[in-house]
Amino acid sequence: MFMAISIIILVVMIIALIRAVLGPTLYDRILAVNVVGTKTVLLISVLSVTAGRGDMVDIALVYALINFISVIAVLRFFEYNKSQQTDSEGQ
Amino acid sequence: MKQYLSLTVILAVFWLINSGHYTPLLLGLGALSVLLILYVIKRMERVDGESEPSIVMSVYLPYYLFWLVIEIVKSNIDVVMRVWKGEEAISPTVFKVKASQKSDVCRVLYANSITMTPGTITLDIDGDTFEVHALSGDGKAGVMTGEMDRQVSKLES
Amino acid sequence: MDLFLNILSWTCLLTGGFLGITGAVGLFRFPDFFTRLHAASVTDTLSTILIVIGLMLQANSWMMIVKLLLVLLIITYTSPTSAHSLAKSALHTGLKPFLKDKENNNR
């Protein structure tokens with residue numbers, strides 16, 4: 001039964017990855033990667049409950065934090081890039 | 001000083017919950033890491049009046065969270081129906097809504113609550129005016145009634 | 001009692017899985033970025049809440065339950081923030097939301 005829920009989460013991740021490859025705009029891709037990150041946290045939690053080991057949930061916690069920070073950092077980077085481009089075009 | 005004290009207590013409790021090993025060596029390392037984080041936060045100068053917002057103490061907070069979860073469940077069911085019905089079931093709209101909260105914390109809480117309920121997303125904040133994107137007319141009507149606004153304002157008093 | 005907990009936990013897990021699939025399908029069926037954001041928020045909120053609650057009912061120690069609660073808290077705290085910042089920077093770089101009603105187009 002844990003197998004079934006892991007497979008469901010993996011299917012969701014695959015669909016989101018296809019959207020990340022297809023995605024017409026940059027933001028579609030970031031959104032899809034964000035969904036994959038959230039599902040990875042859930043997958044690690046499911047695996048740790050299956051194994052019955054509490055210390056694997058720590059990895060899920062750290063992954064959730066890194067996922068959030070990386071999404072914000074990537075957005076910052078592209079916004080910064082964009083504003084610099086428009087600046088140099090304006091000059 | 002009061003803020004640093006409460007921060008220390010919060011960090012220590014967080015470490016104790018997450019550790020699970022209570023030997024003297026590890027407890028010492030935990031105390032060291034708490035001190036290190038306090039030093040880093042002091043260097044960042046991030047401790048001000050809002051580092052322990054008063055809404056945490058509010059008696060309405062559990063009631064508000066319960067109300068929010070029910071709201072999330074309702075709007076989830078609505079969005080799931082629209083996903084399976086397909087593109088003709090949605091009519092995206094963008095509209096503006098006023099927030100009546102005074103403090104920044106409550107305004108952030110209101111904006112995040114709007115984003116958290118599926119079907120509505122806060123696009124932009126300008127002073128006390130939120131620009132909201134809604135998936136359908138129903139979502140727009142739900143925000144425009146101001147029910148959520150009143151619930152968040154209750155936390156402030 | 002044990003059977004009851006198991007049934008409750010599997011119901012939560014399967015409903016959460018179904019909502020996850022729905023969100024992923026929504027990522028495909030919706031026409032533009034802002035509407036896809038709504039579909040993704042389904043997978044981020046109720047699906048996550050249900051799956052983690054289902055796992056909490058199956059956990060074998062108190063420490064694990066507390067840690068799973070922390071995972072739930074972190075995900076529900078951070079996902080609205082990242083969704084908002086995605087929407088905001090998409091809007092600021094000039095992505096126009098797809099609008100069906102003509103009367104709403106002149107904003």
Side-chain angles (χ1 to χ4, degrees), chain A residues 1-2 4-9 11-20 22-28 30-32 34-35 37-39 41-46 48-50 52-58 60-65 67-72 74-76 78-79 81-83 86, chain C residues 6 9-10 13-14 16-28 32-34 36-37 39-41 43-44 47-48 51-52 54-68 70-75 77-79 81-83 85-95:
Chain A
M1 211 46 193
F2 277 122
I5 199 76
S6 320
I7 288 172
I8 289 175
I9 293 175
V11 167
V12 173
M13 282 164 80
I14 289 169
I15 298 175
L17 275 181
I18 295 173
R19 173 46 81 191
L22 285 180
T25 65
L26 172 74
Y27 299 102
D28 284 302
I30 301 177
L31 175 66
N34 191 14
V35 170
T38 315
K39 292 295 131 184
V41 174
L42 287 182
L43 187 63
I44 297 173
S45 310
V46 170
S48 69
V49 172
T50 317
R53 292 177 53 171
D55 39 357
M56 267 166 79
V57 189
D58 290 349
L61 263 173
V62 173
Y63 201 95
L65 289 171
N67 183 36
F68 171 63
I69 292 173
S70 65
V71 167
I72 299 289
V74 167
L75 281 174
R76 277 282 141 185
F78 280 109
E79 223 167 314
N81 245 9
K82 211 84 176 180
S83 65
T86 47
Chain C
N6 267 332
S9 137
W10 291 126
L13 282 175
L14 285 180
F18 170 71
L19 286 175
I21 295 273
T22 309
V25 169
L27 277 181
F28 265 82
D32 84 323
F33 167 71
F34 292 98
R36 278 176 208 141
L37 209 50
S41 85
T43 65
D44 272 353
S47 158
T48 309
I51 289 181
V52 174
L55 289 177
M56 270 153 79
L57 294 173
Q58 293 277 337
N60 52 8
S61 66
W62 276 106
M63 182 139 284
M64 206 163 186
I65 292 176
V66 173
K67 278 179 188 168
L68 283 172
L70 279 175
V71 169
L72 185 62
L73 271 183
I74 287 177
I75 291 180
Y77 270 35
T78 57
S79 75
T81 313
S82 48
S85 70
L86 259 170
K88 193 180 168 190
S89 59
L91 194 74
H92 281 199
T93 44
L95 203 66

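Below, chain A is the first sequence line, B the second, and so on; all start at residue 1. The model shown is predicted, which means the values in this text are computed figures rather than measured ones. Heavy atoms only: backbone and side chains are in, while hydrogens, waters and symmetry mates are out.
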(message) For a 4.5 angstrom cut-off between non-hydrogen side-chain atoms, does Leu37(C) reach Tyr27(A)?
(response) no
(message) Just verifying a value: how many Å separate Ser89(C) OG and Leu86(C) CG, rounded to the nearest 0.5 Å?
(response) 6.0 Å
(request) Check whether any side-chain heavy atom of Val25(C) sits under 4.5 Å from a side-chain heavy atom of Phe28(C), and report yes or no. (result) no
(message) Which atoms of Asn34(A) are under 4.5 Å from chain C, going by heavy atoms: the side chain, the backbone, both sets, or neither?
(response) side chain
(request) Identify which part of Phe2(A) has an atom lying under 4.5 Å from any heavy atom of chain C, answering side chain, backbone, both or neither. (result) both
(message) Which atoms of Leu22(A) are under 4.5 Å from chain C, going by heavy atoms: the side chain, the backbone, both sets, or neither?
(response) side chain
(message) I'd like to know if Lys67(C) pairs up with Asp58(A) as an ion pair, taking the criterion as any Lys NZ or Arg NE/NH1/NH2 lying under 4.0 Å from an Asp or Glu carboxylate oxygen.
(response) yes
(request) Heavy-atom pairs under 4.5 Å with chain A are the metric here; pick the option from Ser61(C), Ser85(C), Ser47(C), Ala90(C) that has the most. (result) Ala90(C)
(request) Please flag which part of Ile51(C) lies under 4.5 Å from any non-hydrogen atom of chain A: side chain, backbone, both or neither. (result) side chain
(message) Among Ser48(A), Gly52(A), Ala16(A), which residue has the highest count of heavy-atom pairs closer than 4.5 Å to chain C?
(response) Gly52(A)
(message) Which atoms of Leu55(C) are under 4.5 Å from chain A, going by heavy atoms: the side chain, the backbone, both sets, or neither?
(response) both
(message) If I measure from the heavy atoms of chain C, does Val74(A) come under 4.5 Å with its side chain, its backbone, both, or neither?
(response) neither
(request) For Tyr77(C), enumerate each residue passing the ring pair (Phe, Tyr, Trp, His ring centres under 6.0 Å) test, keeping only those at least two apart in sequence or located in another chain. (result) none
(message) Can you tell me which portion of Thr25(A) sits under 4.5 Å from chain C's heavy atoms? Options are side chain, backbone, both or neither.
(response) side chain
(request) Please determine, among Asp28(A), Thr38(A), Val71(A), the option with the most heavy-atom pairs under 4.5 Å with chain C. (result) Asp28(A)
(request) Against chain C, label Ile72(A) side chain, backbone, both or neither, depending on which of its atoms sit under 4.5 Å from a heavy atom there. (result) side chain
(message) Within this structure, what is the CG-CG distance for the pair Leu27(C) and Leu31(A), rounded to the nearest 0.5 Å?
(response) 6.0 Å
(request) Quick one: pull up OG in Ser6(A) and CE in Met13(A) and give me the separation to the nearest 0.5 Å. (result) 11.0 Å
(request) Just jot down the salt bridge (Lys or Arg N to Asp or Glu O under 4.0 Å) partners of Lys39(A), sequence neighbours excluded, or say none. (result) none
(request) Please report the shortest heavy-atom distance between Gly26(C) and Arg36(C), naming the atom on each side. (result) O-CG, 4.3 Å
(request) Specify which of Leu42(A), Ile8(A), Val11(A), Val49(A) makes the most heavy-atom pairs with chain C at under 4.5 Å. (result) Val49(A)
(message) With a 4.5 angstrom heavy-atom cut-off, is it the side chain or the backbone of Leu13(C) that approaches chain A, or both, or neither?
(response) both
